[in-house]
Amino acid sequence: MKLPGSPFVAYRGRELHLEDCALADLAQRFGTPLYAYSRSAMLEALAGYQRALAGRDHLICYAMKANSNLAVLQTFAQAGCGFDIVSGGELARVLAAGGDAAKVVFSGVGKTRAEMAQALEAGVACFNVESESELEQLSDVATRAGRTARISLRVNPDVDAKTHPYISTGLKGNKFGVAHERALATYRRAAALPGIEVVGIDCHIGSQITDTGPYLDALDRVLDLVEAVETLGITLHHIDLGGGLGITYTDEQPPQAEALVRALLARIDARGHGHRKILLEPGRSLVGNAGVLLASVLYLKPGGAKNFCIVDAAMNDLMRPAMYEAWMGIVPGMQRDEAPQTMDVVGPVCESGDWLGRDRHLAVRAGDTLAVLSAGAYGMSMASNYNTRGRAAEVMVSGSDARLIRDREQPADLFRGEHLLPR
Ligand SMILES: *Cc1c(COP(=O)(O)O)cnc(C)c1O
C-alpha cells in the first residue's frame, strides 16, 4: 500500500514505520497522543531548496510557525537555514535553539514596540514591514535605541493563490502587506525615515499552493515594482518570495521545491534580476510530510447512522481538520486481517467539530495505534489546552533512534500561573 506524503513513512510487513522506527513501538514507549518527526525527511525537504539555490546568493528562512520545537529549529539551523519569525516569542526560540539572529527575517502585521526593540537588539537581518504605520513606529523605536532597522516591504501582489480562503494571503482584501499601488510611495517614505535602511522587497501569497502559476504571477508583479522602486534611486538588494508551497495530504501534486525554485530563478534571470540575493520562507513544505500524530484507539462505538472510532488525540492536538475541514490520511500502526469498517475518527473533546477524519475505512480494535499522516506542519504548533488537555509529547526519529524532544504536559503545568481569589 502506497501512502500519500513522505517516503520516510511506510509499512514494513504489517508494521508502519517512520524511518527505522515502528510507530506502534513509539506509541508504547512514549505514550499517546504523540507527534513523531523524521529528521531525514526534514533535511531532505530542505535539500531540495538548497540544490536549486546552490551557487547563488540566497537565504532560506524556515517559517517556524509551522513547527517551532527547539530540536526542529536546531536541525535546520545546523543545516545552514535562517528563520522567518512572526513574534518575539519565536525569536527567543531561535536563539534558544542556537540559531543566528543575522539569518532571521521578522514578518507579521502586528509587531509591538517591545518586539521591535527585542529584534533590533538581537540584530535580525530584516523586518518585513507590512504597513506605513508600522514603518513610522519602527523608525521611532530604532532611532530611540540608536540602531538602524533593515527593512523590506511586504507587498500585496493581488494574485489568487487558489487555496483555502483562510490561508490565502496575497489578495487585495487580505490584511497582509502593502497594496501594490501604495508600494512606491511607501518605499519613498521609508528611504526618508531615520533609523530605517531599505534592503529588499517581499511577498507571501498563501499556503498549501499546488501550482507554479500563482508564484510566477506574483514574481512578475514584484519585479515590476523592483524596477519602479529603483528608478527612485532606492536599491533593493534582495527579493523574498515568501513560502506557501503545498504538500501531498491525499492526491495533491504540488511541484517539487527544486522545480519550483528553478522556474522562479529562470524568470528572475530572464528579466535581468539574477544578481539579487534570493530569500525564501518555506514552512509547511519543510516539515509537513516529515511528521505523524500517533493516537490510541479508546473505544469503537458502532451506530445506526455512523460508526465512531474514538481516539485519545483531539482537535486541541491537531486543529487542521476542525479549522479548515482538512483531509489527512489516517492509517493503522499495525495492519489487521479483518474487513475494514467505515467510521469517523473522533477525539474526546466536547465539540461536534472534534474529528480527525470522516468516513474512513479502517480495521482496528481498541488499544490499536493510529497514525495521522503529514502532521508535521501546523500540528503541534497550533495545539491548545482546550478541555484542560495537556499537549502531546514530541519525538525526533533518526534511523532507529528516537529521542524525546518535548515532554508531555501534565495537569499541574496547565494551571501553573493561575490564582485563586482571596477568601
Ligand atoms: C506562514 C508564512 C510562511 C510559510 O508558509 P507555508 O505555507 O507554511 O510555507 C512564510 N512567510 C510568511 C510571512 C508566513 O506568514
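Remember, it's 1-based here, ligands and their atoms both numbered in the order they're listed. For clarity, every value in this text was computed on a predicted model and none was experimentally measured. FYI, side chains are in, hydrogens and waters are out, and symmetry mates aren't considered; it's all heavy atoms of this structure.
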(message) Can you confirm, on distance only, whether ligand 1 has an N/O atom lying under 3.5 Å from any N/O atom belonging to V86?
(response) no
(message) Below 3.5 Å, N or O to N or O, backbone or side chain included: is there any such pair between G242 and ligand 1?
(response) no
Measure the distance from [atom] to every protein heavy atom, then report the residue, atom name and distance (to 0.1 Å) of the closest one.
atom: atom 7 (O) of ligand 1; result: S207 OG, 2.3 Å
atom: atom 4 (C) of ligand 1; result: A63 CB, 3.3 Å
atom: atom 13 (C) of ligand 1; result: E281 OE1, 3.5 Å
atom: atom 3 (C) of ligand 1; result: H204 CE1, 3.3 Å
atom: atom 9 (O) of ligand 1; result: G244 N, 2.7 Å

Measuring from [X]:[atom1] to [Y]:[atom2], what's the distance to the nearest 0.5 Å?
X: D368; Y: L298; atom1: CG; atom2: CG; answer: 11.5 Å
X: S68; Y: E90; atom1: OG; atom2: CD; answer: 6.0 Å
X: L232; Y: R188; atom1: CG; atom2: CZ; answer: 5.0 Å

(request) Apply the test side chain to side chain donor-acceptor pair (under 3.5 Å) to residues S107 and N128: give CA-CA distance (whole Å), side-chain angles for both, the deciding distance (0.1 Å), then the verdict. (result) CA-CA 5 Å; S107 300; N128 291 348; 3.2 Å; yes
What atoms of ligand 1 come within less than 4.0 Å of a heavy atom belonging to [X]?
X: R154; answer: 13 (C)
X: G243; answer: 9 (O), 10 (C)
X: S107; answer: 13 (C)

(message) Suppose we screen for salt bridge (Lys or Arg N to Asp or Glu O under 4.0 Å). Which residues come up paired with D317, at least two apart in sequence or across chains?
(response) R389
(request) With atom 2 (C) of ligand 1 as the reference point, say which of E130, R284, K65 has the nearest heavy atom. (result) K65
(request) Assess the side chains of N289 and S374: does a donor N or O sit below 3.5 Å from an acceptor N or O? (result) yes
(message) Is it true that H58 and Q50 share a donor-acceptor pair across their side chains at a distance under 3.5 Å?
(response) no
(request) Please name all residues satisfying ring pair (Phe, Tyr, Trp, His ring centres under 6.0 Å) with F127, sequence neighbours left out, ordered by chain then number. (result) F106
(request) Give a yes/no on ligand 1: does A66 have at least one heavy atom closer than 4.0 angstrom to it? (result) no
(request) Work out whether the distance between some heavy atom of Y378 and some atom of ligand 1 is less than 4.0 Å. (result) yes
(request) Mind checking whether D84 contacts ligand 1 via backbone (N, CA, C, O), side chain (CB onward), both or neither, at a 4.0 Å heavy-atom cut-off? (result) side chain
(request) Using a strict 4.0 Å threshold on nitrogen-to-oxygen distance, state whether R154 and E130 make a salt bridge. (result) yes
